[in-house]
**Q** 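This is the structure I want to talk about, given as structure tokens.
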Protein chains: 2
Amino acid sequence: MSLPLHERIRRDIETAILSGELQPGARLPVEHELMHQYACARMTVSKALSALASVGLIDRRKRAGSFVARPKVHSMVLDIPDLEQEIQQRGQMYGYRLVRRQVRLPDHNAADETALAGKGKLLLLKGVHIADDVPLAVEARLVSLSAVPEIEALTLEGTSPGAWLLKHVPWTEAETRIAAVAADQDTANHLLVEAGAPCLFVERRTWRGDEGITLVRQHFIGSGYDLIARFGSSRRDTDS
Amino acid sequence: MSLPLHERIRRDIETAILSGELQPGARLPVEHELMHQYACARMTVSKALSALASVGLIDRRKRAGSFVARPKVHSMVLDIPDLEQEIQQRGQMYGYRLVRRQVRLPDHNAADETALAGKGKLLLLKGVHIADDVPLAVEARLVSLSAVPEIEALTLEGTSPGAWLLKHVPWTEAETRIAAVAADQDTANHLLVEAGAPCLFVERRTWRGDEGITLVRQHFIGSGYDLIARFGSSRRDTDS
DNA sequence: CAGTGGTCTAGACCACTGA
DNA sequence: CAGTGGTCTAGACCACTGA
């Protein structure tokens with residue numbers, strides 16, 4: 001029992017909520033009562049309850065008390081896997097084949113591109129992610145050269161530019177859009193499937209503060225890839 | 001400036017990190033130094049730094065100090081929209097058409113179903129989500145009747161069972177799998193598309209504690225639906 | 001207006017770990 | 001072994017808000 005006391009209090013209450021012993025809407029003991037129960041200072045109780053409130057398990061209202069929150073959860077945590085790592089974990093060989101590289105100005109008809117470029121140029125990198133010689137995804141990536149000038153000098157032949165960026169350029173914000181689309185002819189050729197085959201389309205933008213870093217559009221072969229999102233204590237992923 | 005002091009300290013440091021003034025790996029002032037800077041007690045500083053550490057912006061190491069973390073973020077927050085609400089926000093009329101309802105025992109060859117059912121039966125609800133008379137998604141849902149016995153007596157004709165469950169049955173854990181698949185003939189018929197058309201496939205399981213509540217498989221029409229995941233301060237979604 | 005949570009103080013002892 | 005963060009105490013004043 002080297003568990004800190006505030007952590008023990010937090011878990012006790014969390015357990016009572018998750019087990020259903022404390023129903024949504026139920027009122028928790030007030031802080032002074034918990035102080036006596038655990039024979040501790042109010043700050044310690046407060047720390048435990050604040051932690052529960054910050055993850056949305058309870059609602060705290062002045063004058064009224066603390067209450068078990070109704071799970072209003074419409075948001076889950078989506079794992080964005082590092083492709084290279086994931087493929088290697090499956091026991092396959094990862095490869096990235098660069099098919100096109102170009103430095104150019106943003107297309108002024110594409111708001112995406114002008115916003116990303118800022119006042120500089122863009123580096124376009126198009127390539128294919130490969131697992132054991134089988135193409136898994138094709139990606140077209142734009143990198144802002146004003147945000148990441150050092151990438152222009154690199155030869156990114158065999159390595160995924162996404163992995164390089166992740167290591168070398170910290171980002172603070174990202175947005176990912178996920179959809180299902182039919183492969184166009186070019187995508188189909190790269191993925192060795194028929195045109196029209198279903199692909200998981202992932203479009204991600206990343207920023208550092210207000211400055212755009214990169215915009216990537218990936219088409220994953222439908223039969224070979226899926227994404228997982230979770231909510232909760234996520235003890236469930238231990239059995240896979 | 002009615003901002004609590006610990007919050008002000010937190011934001012000051014957060015701003016310095018996000019603006020790049022404090023680079024990843026940089027060492028933060030030690031707690032005692034911040035105490036003097038802000039003329040406050042150590043607990044107040046500690047609260048600010050703990051908050052930053054809990055969101056992963058800094059790493060704290062005993063004897064060494066606190067450091068700006070390298071963003072190692074491979075996880076984002078995925079919004080699981082309430083279909084009805086989202087469709088209405090687009091200015092369209094939401095509808096749900098139930099096409100099949102059946103109470104049955106779990107298929108003993110499907111581990112999914114036996115795990116969900118526990119010792120009870122399952123309610124199968126198959127239906128179509130409709131936006132302005134246009135089908136948007138077809139879903140097949142299994143509900144554990146031992147977890148949610150009250151659902152058996154309901155006539156869920158025009159309302160989405162997902163929305164009903166969300167309101168009436170609190171859950172604590174969920175897992176969502178997302179993939180792109182080709183519509184089979186039955187799905188295609190319901191969605192009024194050609195067989196083979198790309199669909200976003202969403203499979204979600206929810207639990208309350210250890211008890212399974214529901215398992216739903218949804219096929220969204222590829223052209224009409226996508227999912228968004230975000231990481232960061234997410235001020236970006238204000239302009240949409 | 002009284003009870004509740006929010007914040008804050010000025011200490012204390014401790015565990016950890018890098019110099 | 002000395003500096004750092006982790007935890008905890010026993011108070012205090014305050015803002016808020018429902019009875």
**Q** Ignoring the backbone of B/S66, work out which of C/dG6, D/dA10, D/dG5 is nearest its side chain.
**A** D/dG5
**Q** Kindly point out which of D/dT7, D/dG18, C/dC8 is positioned nearest to the side chain of A/A64?
**A**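 My answer, after comparing the listed nucleotides, is D/dG18.
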**Q** If the cut-off is 4.0 Å, is B/H32 near the phosphate of D/dT4, judged by side-chain N/O to OP1 or OP2?
**A** no
**Q** Tell me if the side-chain of A/R63 makes a donor-acceptor pair with the base of D/dA15, cut-off 3.5 Å, by modelled atom types.
**A** no
**Q** Over how many whole Å does the gap from B/I9 atom CD1 to D/dG5 atom P extend?
**A** 14 Å
**Q** Over how many whole Å does the gap from A/K62 atom NZ to D/dC14 atom P extend?
**A** 14 Å
**Q** Ignoring hydrogens and angles, are the base of C/dG6 and the side chain of A/R60 linked by a donor-acceptor pair under 3.5 Å?
**A** no
**Q** For A/L200 and A/D226, what are the C-alpha separation, side-chain angles and deciding distance, and is it a side-chain contact (heavy atoms from CB on, under 4.5 Å)?
**A** CA-CA 8 Å; A/L200 195 65; A/D226 52 302; 5.5 Å; no
**Q** Would you kindly give the CG-to-C1' distance between A/L5 and D/dT7, to the nearest whole Å?
**A** 9 Å
**Q** Provide, to the nearest angstrom, the distance between the CD atom belonging to A/E31 and the P atom belonging to D/dC16.
**A**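 Whole-Å distance recorded here is 17 Å.
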**Q** B/T214 and B/R141: side-chain donor and acceptor closer than 3.5 Å?
**A**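 Yes, a side-chain donor-acceptor pair sits under 3.5 Å.
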**Q** Given D/dT9, is OP1 or OP2 found less than 4.0 Å from the side-chain N or O atoms of A/T44?
**A**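 The answer is yes; a side-chain N or O of A/T44 sits under 4.0 Å from OP1 or OP2.
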**Q** To the nearest Å, how far apart are B/Y38 OH and C/dT9 P?
**A** 13 Å
**Q** Under 4.0 Å, counting only non-hydrogen atoms across every strand here, what does A/L49 touch: a base, just sugar-phosphate, or nothing?
**A** nothing
**Q** Over how many whole Å does the gap from A/E7 atom CD to C/dA15 atom P extend?
**A**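 Result: 18 Å.
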**Q** Identify the residue among A/Y96, A/Y225, A/Y94 that makes a side-chain hydrogen bond (donor to acceptor under 3.5 Å, both in side chains) with A/H129.
**A** A/Y94
**Q** On DNA chain D, does the nearest nucleotide to A/C40 precede the nearest nucleotide to A/R61 from the 5' side, or the other way round? Give the residue.
**A** A/C40
**Q** So if I take every side-chain heavy atom of A/R42 and compare against C/dA10, D/dT7, D/dC13, which nucleotide ends up nearest?
**A**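 Selected nucleotide: D/dC13.
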**Q** Can you tell me which nucleotide in C/dT4, C/dA10, C/dT7 comes closest to the side chain of A/V30?
**A** C/dT4
**Q** Round to the nearest Å and state the distance from A/L34 atom CG to D/dA10 atom P.
**A** 17 Å
**Q** Let's test this: given Watson-Crick or G-U wobble pairing with both distances under 3.5 Å, identify the partner of C/dT9.
**A**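 Checking every strand shown, C/dT9 finds its partner in D/dA10, with both distances under 3.5 Å.
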**Q** Would one find more than 12 heavy atoms of other residues, nucleotides or ligands at under 6.0 Å from atom CD of B/Q88?
**A** yes
**Q** D/dT9 C1' sits how many Å from A/K47 NZ, rounded?
**A**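 My rounded result for the distance is 13 Å.
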**Q** Would you find more than 12 non-hydrogen atoms of other residues, nucleotides or ligands less than 6.0 Å from B/Q37 atom CD?
**A**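 Correct, the count exceeds 12.
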**Q** When you measure from the centre of the six-membered ring of A/F67, is the NZ or CZ of A/R60 under 6.0 Å away and within 45° of the axis?
**A**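 No, A/R60 and A/F67 do not form such a contact.
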**Q** Any strand is fair game: report the nucleotide pairing with C/dG18 by Watson-Crick or G-U wobble, both distances under 3.5 Å, or none.
**A** D/dC1
**Q** Of the nucleotides D/dC8, D/dT7, C/dT7, which has the atom closest to the B/M43 side chain?
**A**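 From the listed options, D/dC8 comes nearest.
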